[in-house]
Participant: 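I am attaching a structure below and will ask some questions about it afterwards.
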Number of protein chains: 2
Amino acid sequence: MNTTRGDKPAFHDGGHEHQSCIEDALARADDVCRERGVRLTPLRRRVLELVWSSHRAVKAYDLLAALGDAVGAAKPPTVYRALEFLMAQGLVHRIDSLNAFVGCPQPDHRHSAQFLICGGCGDVSELNAASIDRAVADQAADSDFALSRSIIELHGRCPRCATLPPTP
Amino acid sequence: MNTTRGDKPAFHDGGHEHQSCIEDALARADDVCRERGVRLTPLRRRVLELVWSSHRAVKAYDLLAALGDAVGAAKPPTVYRALEFLMAQGLVHRIDSLNAFVGCPQPDHRHSAQFLICGGCGDVSELNAASIDRAVADQAADSDFALSRSIIELHGRCPRCATLPPTP
DNA sequence: ACGGCTCTGCTATAGTGTAACGTCCTGCCG
DNA sequence: CGGCAGGACGTTACACTATAGCAGAGCCGT
């Protein structure tokens, strides 16, 4: 696992036991929803589980397909509404440059985040770099700009994929 | 006018003579295309002019509608191909969080950029803040991440719209 | 039980973007 | 001059992303 705060913060190693990532994320989600008095319904929980099924950003229609596997296929509003709830609770983030969604490892507190997006394996790693926040806030202030939301999405290659050619 | 380098870099004042913004942008585009030996065809030039018709980010299908005004309506690939060319030449940037496009005031050289996006008037201002670039590059390096493209889109309120309530 | 609320299902449609193929134009070379 | 290669544009069709609006089901406090 990673903390996004250690010496080498980002990206999971290839062999990590991912099932525990999912379980941890769901447990954290249960906690924050209970604390906030909001309902993590079975549908929402299932969508969150699917988002966490990898460390890649997941497309809404892929979630839709995964939901509809067994039963009659789910419809778009179903998954979009679940995602809307999960985003409102900070349980998932939307990656605008991919039209896709990724689980948040730290849903317990509001935070601005930055995302490292690997063009090789597709894995997304969330940073919470105070230095970037500070530089952004300073620049906004210099322009008398009242900042409300920062979208910072950094594309490139994770350490494991660094050797491959740049296939954007 | 603004330079994005002065004391208060960003955002145009309300009363500026915008026609000269358009003309300047087209003149710069003519220059860089001639220098690079690429063809700024009438269609591409017209699309660029439409992108520059305001300082807001323009949606592809709005361009499409504007193009089709008089004659038979243009089709999506027409405008997307023109935009693809203009982006390849650095003449416009895509704002991923808006699915929209904005003219680049400095197409003559490659640069990473940050965008201030006002939720009030919709105007977009391009920054080229070395301090943000540096913070981002440092964080990427800390994660052994080979950075190739930075998407930094900052939403908030420009100075003139700062007084209004936050209507995202 | 009742009324109000939230959550979910469903239909339909809006909005965004691309694949694939054909034609024409332009610049180049023999 | 004639032919050719590549780029630019037109057109059709389609894929993907997202939301509006309404109906029914379940939960919850009174």
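Residue numbering restarts at 1 for every chain, and letters A, B, ... go by the order of the sequence lines.
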Participant: Output all residues satisfying side chain to side chain contact (heavy atoms under 4.5 Å, CB included) with A/Q19, sequence neighbours left out; order by chain, then residue number.
Facilitator: A/E17, A/I22, A/E23

Participant: Is any side-chain N or O of B/Y80 closer than 4.0 Å to OP1 or OP2 of C/dT18?
Facilitator: no

Participant: Does B/R94 put a side-chain nitrogen or oxygen below 4.0 Å from OP1 or OP2 of C/dT16?
Facilitator: no

Participant: Can you tell whether the side chains of B/R45 and B/D30 come within less than 4.0 Å, N to carboxylate O?
Facilitator: yes

Participant: Please tell me which of B/A60 and B/R39 maps to the more 5' nucleotide of DNA chain C, matching each residue to the nucleotide holding its nearest heavy atom.
Facilitator: B/A60

Participant: Looking at B/R81 and B/E84, is any side-chain nitrogen of the basic one under 4.0 Å from a carboxylate oxygen of the acidic one?
Facilitator: no

Participant: What N/O pairs connect the protein and nucleotides 10-12 of chain D at under 3.5 Å? Give each pair on its own line.
Facilitator:
residue	atom	partner	partner atom	Å
D/dG10	OP2	B/T78	OG1	3.3
D/dG10	N7	B/R81	NH2	2.6
D/dG10	O6	B/R81	NH1	3.0

Participant: How about A/H93 and A/F101: are their ring centres within less than 6.0 Å of each other?
Facilitator: no

Participant: Between B/L64 (CG) and C/dT18 (P), how many Å, whole number?
Facilitator: 14 Å

Participant: Mapping A/L98 and B/T41 onto DNA chain D by nearest heavy atom, which one lands closer to the 5' end?
Facilitator: B/T41

Participant: On the nucleotide C/dT16, are OP1 or OP2 found under 4.0 Å from the side-chain N or O atoms that B/K59 carries?
Facilitator: yes

Participant: Tell me if the side-chain of A/Y61 makes a donor-acceptor pair with the base of D/dA15, cut-off 3.5 Å, by modelled atom types.
Facilitator: no

Participant: Is it true that B/D31 and B/R28 have a side-chain N and a carboxylate O under 4.0 angstrom from each other?
Facilitator: no

Participant: Find out if a path of hydrophobic residues (ILVMFWY) with successive side-chain heavy-atom gaps under 4.5 Å connects B/L63 to B/V102.
Facilitator: no

Participant: For B/V38 and for B/N99, find the nucleotide of DNA chain D with the closest heavy atom, then tell me which residue's nucleotide is more 5'.
Facilitator: B/V38

